[in-house]
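This one's a predicted model, so the numbers in the text were calculated from it and none came from an experiment. Read the numbers this way: they start at 1 and go in the same order the structure lists the ligands and their atoms. The residues of the chain are indexed from 1 along the displayed sequence.
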Amino acid sequence: MPEFQTSPGMRDILPPDSARWRQFQSVFAGVVESAGYGEIMPPLMEDLGVFQRIGDATDVVTKEMYDFTDKGDRHVALRPEQTASVCRAFAQHRPPTPWKVFYAGPNFRYEKPQRGRYRQFDQVGIEVLGADDPYLDVEVISLGWEFYEKLGLQRVELLLNSLGEPEDRARYVAALETYFRDNIASLTPESRITLEKNPLRVLDSKREGDAGIVSGAPRIADFYSEGAAAHFAAVQQGLTDLNIPYTIDTKLVRGLDYYRHTTFEYIGQTLDSAQNALGGGGRYDGLVASLGGPDTHGIGFALGLDRTLLACDDEGVFAAPDPSVDVFVVDSTGGRQALRITAELRNAGFSVDRAFENRSMKSQMKAADRSGASVALIIGSNELEAGTIVVRPMRGAVDVNRQREVPRGDMISEVTKALIVAVKEASA
Ligand code: HAM
């Protein structure tokens, strides 16, 4: 066992998985760029205060932050999410509104690691700042939905709720608090602690001991103002117009404090219920102002890459891309020919690998096999002298009789022909 291993909850993403991650981000970028979102790349680390604005009653802020004092005596933290950074960036740069951005990258939360829950995890997400229109909520929700469709996932459920205007939410929280206090004896000890910090989060409890009391709790829908009810009705109408199925879940309060009006979550139905949220988001007001900017409406979501890939595995979709190269060059004359041939082929647009250290012919052919190349190009002293090269198909029936010795000058066209045959054979 080597002295060092990755820290708990942190992983190396190795090939071919890393190519799958890149593909995931690129499919996401394709979906949101075609809706007018531009990429923002905020730093991985910010002043702790930026993230404290997420809410001091949330686990993310109170228990899970990777914070430390840097050499300049600044109290900084690794980002636990990117919404707060996007709002800080908006307050700092004041771009024209609506500001539509997307992001991709790692976040850090000191959580208890388990399948689907890590201390370093990746998200892709979008945020829109400066527009308060229910049809924007629909656009945002539909882009997440479209992305899951592009991945090929079918067992995703969209949960939808509204937390109303800030005043509705405040009246609701007060009513909840009274209700839970009146019934405190029926709450689990964990939920009694949550109640002290944030009565809303008690609704989030997945503990069986809380199920009875939570199901009888007051419902947010009874507290909506006229404006909040109209906003929520328009969101639902819009989703119906786009044929996006959803389930209203009045207990969906989400883990961060900043939400107002629409909240939503995409649930992976194949995953364990404790980690089945593939992504989530909602509308938030007040975050930009709390970071020193003007009063600004915001809405967005973040989708967890790690968990979504687990769901893809469960459904057998969005496999890692095939890492094979087109051509593998085998050179038994010392390696210089392979150097020139690979450069020439790569310039012509082929993906090409080769062997090093002047290994035996047999060992180089084994490496060619492992590379998954469709074609091997072989050059030995005879070919070098004759100005030729051998083209050998590597897939399907590997048979020396199928290999051809061709003039070196025809290499590119011969490789092209052999690859076309390989593709045809593979799809036959
Ligand atoms: P969140 O619900 O905290 O929201 O995270 C969004 C998604 O990130 C989760 O649904 C989950 O898939 C993934 N995730 C979170 N924590 C972990 C973890 N420890 N390990 C693996 N995956 C994880 C936010 O982060 C908000 N910023 C979303 C948002 C954007 N709201 C408005 N705009």
Side-chain angles (χ1 to χ4, degrees), residues 8-11 13 21 24 28 32 37 40 42 50-51 53-55 58-61 63-66 78-90 99-129 136-137 139-141 143-144 147-148 151 153 156-159 161 163 201 204 252-268 271-288 296-312:
M10 308 213 170
R11 295 155 304 149
I13 308 301
W21 280 46
F24 184 99
F28 183 75
V32 295
Y37 292 71
I40 176 171
V50 171
F51 304 122
R53 302 300 190 281
I54 294 170
T58 64
D59 286 353
V60 170
V61 170
K63 294 194 201 148
E64 299 168 0
M65 199 86 83
Y66 275 88
L78 299 183
R79 65 185 185 203
E81 55 117 52
Q82 295 174 64
T83 310
S85 296
V86 170
C87 290
R88 193 266 314 133
F90 181 86
W99 197 44
K100 297 171 74 170
V101 291
F102 76 95
Y103 48 81
N107 309 282
F108 303 83
R109 297 183 192 177
Y110 196 82
E111 296 200 74
K112 193 163 166 236
Q114 50 204 290
R115 186 174 191 260
R117 192 177 292 280
Y118 310 100
R119 290 184 177 164
Q120 176 175 336
F121 61 95
D122 254 59
Q123 289 179 336
V124 293
I126 59 177
E127 310 290 343
V128 186
L129 292 173
L136 175 59
D137 304 21
E139 170 173 301
V140 166
I141 296 171
L143 288 172
F147 173 60
Y148 288 126
L151 294 181
L153 284 174
V156 180
E157 183 183 17
L158 169 62
L159 301 183
N161 191 20
L163 298 175
R201 293 302 310 277
D204 247 0
L252 184 71
V253 295
R254 310 252 317 121
L256 308 169
D257 269 358
Y258 46 58
Y259 293 107
R260 311 277 181 267
H261 286 287
T262 316
T263 55
F264 54 95
E265 225 158 58
Y266 306 96
I267 300 298
L271 299 180
D272 261 11
S273 70
Q275 273 87 237
N276 67 357
L278 299 177
R283 187 165 269 293
Y284 49 91
D285 301 328
L287 199 49
V288 174
T296 308
H297 298 288
I299 179 163
F301 65 62
L303 314 179
L305 179 151
D306 313 70
R307 266 183 220 180
T308 304
L309 288 183
L310 290 177
C312 289

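At under 3.5 Å, a nitrogen or oxygen of Leu278, whether backbone or side chain, sits near a nitrogen or oxygen of ligand 1. On a distance-only criterion, Arg109 and ligand 1 share at least one N/O pair closer than 3.5 Å.
Asn107 approaches Glu81 most closely through the heavy-atom pair OD1-CA, 3.6 Å. A pairwise comparison of heavy atoms in Tyr103 and Thr83 identifies OH-OG1, 3.9 Å as the closest pair. Scanning all heavy atoms of the two residues, the minimum distance from Pro42 to Arg79 falls at O-NH1, 3.2 Å.
In the candidate list Glu265, Gln123, Arg79, Glu81, Gln123 is nearest to atom 7 (C) of ligand 1, counting heavy atoms.
Close approach of ligand 1 to Gly116 is summarised as follows: ligand atoms under 4.0 Å from at least one heavy atom of the residue are 20 (N), 21 (C), 22 (N). Each of the atoms 6 (C), 7 (C), 28 (C), 29 (C), 30 (C) of ligand 1 lies under 4.0 Å from some heavy atom of Ala302. Atoms of ligand 1 lying under 4.0 Å from at least one heavy atom of Arg254, given by number and element, are 1 (P), 2 (O), 4 (O), 28 (C). Shown in contact with Tyr259 at under 4.0 Å from a heavy atom are these atoms of ligand 1, numbered in order with element: 26 (C), 28 (C), 29 (C), 31 (N), 32 (C). Of all the atoms in ligand 1, the ones that sit under 4.0 Å from a non-hydrogen atom of Gly304 are 7 (C), 8 (O), 12 (O), 13 (C). Of all atoms in ligand 1, listed by their number and element, those nearer than 4.0 Å to a heavy atom of Glu127 are 30 (C), 32 (C), 33 (N). Heavy-atom proximity to Gly280, at under 4.0 Å, picks out these atoms of ligand 1: 28 (C), 29 (C). Short contacts between ligand 1 and Phe301, defined as distances under 4.0 Å to a heavy atom of the residue, involve ligand atoms 29 (C), 30 (C), 33 (N).
Using a 4.0 Å heavy-atom cutoff, Gly125 is absent from the residues neighbouring ligand 1.
Applying the salt bridge (Lys or Arg N to Asp or Glu O under 4.0 Å) test to residues at least two apart or on different chains, the pairs with a partner in residues 100-114 are Lys100-Glu139, Glu111-Arg117. Within the structure, salt bridge (Lys or Arg N to Asp or Glu O under 4.0 Å) contacts touching residues 274-287 (residues at least two apart or in different chains) are Asp132-Arg283, Asp137-Arg283.
Considering only non-hydrogen protein atoms, atom 32 (C) of ligand 1 sits nearest to Gly300 O, 3.3 Å. Of the protein's non-hydrogen atoms, Glu111 OE2, 2.6 Å is the one closest to atom 19 (N) of ligand 1. The protein non-hydrogen atom at the shortest distance from atom 9 (C) of ligand 1 is Ala277 O, 3.9 Å.
The aromatic rings of Phe28 and Phe102 stand perpendicular to each other, their planes meeting at an angle above 60°, with 30° marking the opposite boundary.
Looking at Gln120 and Tyr66, their side chains never bring a donor and an acceptor atom within 3.5 Å of each other.
Residue Tyr266 does not touch ligand 1, judged by heavy-atom distances below 4.0 Å.
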